[in-house]
Amino acid sequence: MVYRGGSHMNVLAQTEDTLKQAIATAVVDAKLTTEEEMPTVILEKPKDKAHGDFATNIAMQLARIAKKAPRQIAEEIVEQLNQADTSINKIDIAGPGFINFFMKEDYLTDLLPTILKEDTDFGKTNAGQGERVQVEFVSVNPTGDLHLGHARGAAFGDVLCNVLATAGYDVEREYYINDAGNQIDNLALSVEARYIQALGQEADMPEDGYHGEDIKEIGQTLVEEYGDKWATEDRESRLAFFKEYGLKYELGKLKKDLADFGVEFDNWFSEQSLYDDGKITEALDQLTKGNYTYEKDGATWLRSTDFGDDKDRVLIKQDGSYTYLTPDIAYHKDKFERGFNQLVNVWGADHHGYIERMRAAIQALGYDADNFDVKIIQMVNLFENGEKIRMSKRTGKSVSLRELMDEAGVDAVRYFFVSRSNDSQLDFDLNLARSQSNDNPVYYVQYAHARICTMLEQAAAKGFEVDQTFDQSILTAEKELDLLKKLGEFPQVVADAATKFTPHKVTQYVFDLASLLHSFYNAEKVLDPENPKRTKARLALMQAVKITIANGLGLMGVSAPVKM
RNA sequence: GUCCCAGUAGCUCAGCAGGAUAGAGCAACAGCCUUCUAAGCUGUGGGUCGCAGGUUCGAAUCCUGCCUGGGACGCCA
């Protein structure tokens with residue numbers, strides 16, 4: 001792991017950097033290898049406390065290069081190690097050749113003052129160095145409600161963006177509106193059928209129509225607003241109007257649902273605008289000039305196989321219309337032209353087969369496919385009372401994000417969705433999510449926060465203030481040190497979650513921190529008027545934990561209640 | 001047939017740019033509220049990390065093959 005300096009460089013990272021540098025220097029001084037061949041020094045935090053605060057496997061890594069036994073290498077490194085400014089208390093060589101570092105307890109001295117000072121900024125780093133990243137997510141067709149899978153993608157994308165921003169990336173959230181093409185024509189036709197039905201006349205839904213309740217509502221509303229006006233208009237203008245009306249209605253609903261779910265986009269990008277601005281022909285021209293297209297069977301094809309795709313892909317169909325891919329290529333060209341260093345797309349599992357052709361197209365356009373990432377969100381299975389609930393958008397019986405929020409609350413839904421890795425399927429237990437009980441992990445973390453708030457409140461009532469005048473060095477109980485070490489990890493956890501696109505690491509972290517807090521709470525008493533010095537120090541610790549839990553939950557878009 | 005994801009404790013899942021004795025929650029069992037919120041804590045039991053090879057000083061982690069579950073393989077979007 002690489003920790004770059006910056007205004008929010010945290011205490012633990014500084015300690016680690018110093019130590020790593022000292023080790024690297026010692027390796028070279030011991031003439032075990034040259035600077036060029038030096039492997040990256042990896043410092044890990046051993047799970048077992050008997051293995052110290054930090055450990056490195058550098059001696060094992062050097063065994064091959066230096067052609068010596070790892071334990072002997074370790075000894076030579078330790079001999080050469082300059083321990084000045086490292087806060088090292090003791091060094092062990094253990095196991096096959098691990099070097100274990102035991103730190104003096106003061107290595108975390110600056111941590112609490114730093115957290116209290118940074119407050120809501122604690123967790124920020126410059127890991128991303130201001131790199132511009134665009135994350136496109138949700139991008140559901142405006143033809144129906146958001147369902148479970150979309151909700152998971154929304155939570156994932158949103159938290160990923162939060163994490164990236166906190167890790168020093170310049171993030172933009174974008175929603176791609178499929179407001180052109182077949183599906184939107186189908187929307188118009190579906191609205192038309194529902195409108196006529198709402199007028200009390202017979203009308204068949206189109207073959208691939210949208211059967212959701214929302215379309216029926218649109219039909220009703222149209223009748224209420226316009227009566228039978230549109231029944232007598234010529235069909236072309238009627239459909240044009242219904243298309244616009246339906247689109248506006250559906251988009252409004254999507255925006256509302258997402259906003260209520262805590263997801264706001266910086267940019268809503270219209271597919272239609274690609275047509276209107278000539279971006280599609282532009283992209284096609286460029287591909288043709290680069291000789292990446294050809295004509296066959298009356299269609300225009302992209303030579304995506306040149307870039308590792310399974311087969312070439314149709315860009316312009318026999319009937320002259322575009323496939324879905326074509327505007328999407330223009331769209332991604334536009335994204336790159338807007339100057340993003342990195343594009344991240346969050347797609348449902350059913351779109352994974354689409355990745356290769358998109359990568360191919362991006363390369364054909366002359367861009368580096370390494371700057372294009374697709375995160376696939378695996379399926380969500382909904383369970384209620386132990387039974388799997390089938391979802392089908394077509395039957396209109398799917399469980400929507402709206403229903404889910406109403407049932408379980410935003411906090412629980414978001415927490416559940418960012419608890420797991422995006423590429424594992426997720427079983428969503430509705431009973432568990434809505435249960436106000438200790439089975440529900442979201443409460444566990446929130447409870448830790450609320451508990452601290454109560455303590456701080458009572459402390460204030462007894463005249464204790466949380467400020468910078470405390471002595472951290474008296475916090476030497478095991479559970480206090482456990483908390484301190486965990487607090488110190490937070491900025492790195494966030495940076496790690498950002499660079500690896502793994503927002504669920506924040507959930508893990510916040511849960512672990514809450515667990516340490518509960519454990520501490522049961523073992524030690526914070527408020528003790530008999531011992532004001534210790535009370536002050538512990539209150540500072542509590543405040544720091546509160547800040548960190550709140551910041552972590554904030555990244556997840558989950559509330560941090562003061563009382564429960 | 002090809003490709004993607006998953007397979008780790010009874011269940012749901014972490015861990016996977018190789019590292020020391022594989023973790024958590026739930027479920028089970030046994031304890032802890034005259035003391036800052038018991039939505040909590042403490043302890044116990046529970047594992048051939050799907051299977052078989054390979055690379056390595058060292059593999060849940062990397063490579064190959066196979067098995068199982070899910071998904072994708074359109075001139076649909």
Side-chain angles (χ1 to χ4, degrees), chain A residues 1 40 42 44 46-48 50-51 55-57 60-61 63-64 69-70 94-98 100 141 143 178 181-184 186 208 271 296-301 309-311 313-325 327-328 348-356 374 376-379 381 383 419-429 432 435-448 450-459 461-462 500 502 504-505 507-508 511-512 514-515 517-528 535 538-539 542 563-564:
Chain A
M1 269 184 272
T40 312
I42 297 169
E44 55 180 20
K47 293 166 215 157
D48 188 339
H51 297 143
T56 181
N57 64 350
M60 278 110 84
Q61 293 199 320
R64 215 162 309 160
F98 288 100
N100 294 334
N141 289 347
T143 53
N178 295 110
N182 283 343
Q183 75 285 345
I184 215 72
N186 266 325
D208 299 313
E271 178 187 2
K296 195 182 95 183
D297 303 332
T300 304
W301 296 69
D309 195 8
D310 289 345
K311 49 184 112 169
R313 307 291 170 176
V314 171
L315 293 171
I316 306 175
K317 298 184 243 177
Q318 277 181 344
D319 67 3
S321 64
Y322 300 133
T323 60
Y324 180 80
L325 178 63
D328 214 13
D350 52 340
H351 285 73
H352 89 256
Y354 192 75
I355 298 174
E356 271 313 307
V374 179
I376 290 297
I377 305 295
Q378 287 296 331
M379 278 179 37
N381 295 309
F383 286 85
S419 298
R420 305 272 142 83
S421 156
N422 62 286
D423 45 28
S424 281
Q425 291 190 15
L426 182 85
D427 286 349
F428 192 100
D429 184 337
L432 179 59
S435 76
Q436 305 254 326
S437 78
N438 57 347
D439 299 347
N440 196 338
V442 63
Y443 291 110
Y444 183 84
V445 178
Q446 292 181 319
Y447 186 52
R451 262 187 159 170
I452 296 172
C453 289
T454 304
M455 278 189 273
L456 294 174
E457 203 176 287
Q458 295 190 5
K462 286 180 181 160
K500 290 179 180 164
T502 49
H504 70 278
K505 284 181 190 296
T507 312
Q508 291 277 135
F511 186 89
D512 290 345
S515 180
L517 183 276
H518 288 310
S519 180
F520 165 81
Y521 181 91
N522 276 272
E524 311 284 353
K525 179 120 174 134
V526 173
L527 283 175
D528 181 7
T535 301
R538 285 188 171 167
L539 282 172
M542 291 302 98
K563 256 192 172 56
M564 287 177 75

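In what follows, every chain begins at residue 1, and chains take the letters A, B, ... in the order their sequences are listed.
Within 4.0 Å of A/Ala523, counting heavy atoms only, lies no atom of the nucleic acid at all. A/Asp528 comes within 4.0 angstrom of no nucleic acid atom, judged by non-hydrogen atoms across all strands. Within the 4.0 angstrom heavy-atom criterion, no nucleotide atom of any strand lies near A/Ala448. A/Ala459 comes within 4.0 angstrom of no nucleic acid atom, judged by non-hydrogen atoms across all strands. Residue contacts shown for A/Tyr444 are limited to sugar-phosphate atoms, with no base heavy atom under 4.0 Å away. Looking at heavy-atom distances under 4.0 Å, A/His51 makes contact with a base. At a threshold of 4.0 angstrom between heavy atoms, the contacts of A/Lys563 include nucleobase atoms, whether or not backbone atoms are also involved. Among the atoms of the strands shown, base atoms are found under 4.0 Å from some heavy atom of A/Asn100.
Looking at heavy atoms from C-beta onward, A/Phe428 lies out of side-chain contact with A/Phe383 at the 4.5 angstrom threshold. Using a 4.5 Å heavy-atom threshold, the side chains of A/Tyr354 and A/Leu325 count as touching. At a threshold of 4.5 Å between non-hydrogen side-chain atoms, the residues A/Tyr521 and A/Arg451 count as touching.
When rounded to the nearest whole Å, the span between CG of A/Asp427 and P of B/A14 equals 11 Å. Distance, A/Phe511 CZ to B/C13 P: 16 Å, rounded to whole Å. Look at CG on A/Leu426: it is 17 Å from P on B/G70, rounded to the nearest Å. When the P atom of B/C3 is taken as reference, atom CD1 of A/Ile376 falls 17 Å away, rounded to whole Å. Rounded to a whole Å, the NZ atom of A/Lys525 is 15 Å from the P atom of B/C33. We find that NE2 of A/His518 is positioned 16 Å from P of B/A24, with the value rounded to whole Å. Going from atom CD of A/Glu44 over to atom C1' of B/C16 covers 14 Å, rounded to whole Å. The distance from atom CG of A/Asn440 to atom C1' of B/A24 is 16 Å, rounded to the nearest whole Å.
A salt bridge does not link A/Lys311 with A/Glu356: none of the charged nitrogens is closer than 4.0 Å to a carboxylate oxygen.
Between A/Tyr521 and B/U35, a side-chain N or O to OP1/OP2 separation shorter than 4.0 Å is absent. For B/G15, the OP1/OP2 oxygens have a side-chain nitrogen or oxygen of A/His504 closer than 4.0 Å. Put simply, A/Lys47 has no side-chain N or O that comes within less than 4.0 Å of OP1 or OP2 on B/A22. Look at A/Arg451 and you'll find a side-chain N or O under 4.0 angstrom from OP1 or OP2 of B/A38.
Here CG of A/Asp512 is found 12.5 Å from CG of A/Leu517. Values are rounded to the nearest 0.5 Å. Atoms NZ and CG, from A/Lys462 and A/Asp528 in turn, are 9.0 Å apart once rounded to the nearest 0.5 Å. Note: A/Asp427 CG to A/Asn381 CG = 5.5 Å, rounded to the nearest 0.5 Å.
In RNA chain B, the stems built from three or more successive Watson-Crick or G-U pairs (distances below 3.5 Å) are B:1-7 with B:67-73, B:10-13 with B:23-26, B:28-32 with B:40-44, B:50-54 with B:62-66.
B/G23 sits 15 Å from B/U61 when the C1' atoms are compared, rounded to a whole Å. B/C13 and B/A59 are spaced 28 Å apart, taking the P atom of each and rounding to whole Å. If you take atom C1' in B/A38 and the same atom in B/A20, they sit 37 Å apart, rounded to whole Å.
Proximity note for A/Ser515 (side chain, C-beta onward) versus B/C41, B/C36, B/U12: the nearest is B/C41.
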Kindly give the atom pairs (protein nitrogen or oxygen, nucleotide nitrogen or oxygen) under 3.5 Å for nucleotides 5-8 of chain B.
| unit_1 | atom_1 | unit_2 | atom_2 | d |
| --- | --- | --- | --- | --- |
| B/C5 | O2' | A/Asp423 | O | 2.3 |

Study note, to complete from the structure: Counting primed atoms, P, OP1 and OP2 as sugar-phosphate and everything else as base, the B/S/- map of nucleotides 72-77 of chain B against protein heavy atoms under 4.0 Å is SSSBSB
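Side-chain N/O atoms of A/Asp423 and A/Ser421 include a donor and acceptor closer than 3.5 Å.
Taking 90° from 0 as the syn/anti boundary, the base of B/C63 is oriented anti.
Both A/Ala50 and A/Gln508 sit near RNA chain B, but only A/Gln508 has its closest nucleotide nearer the 5' end.
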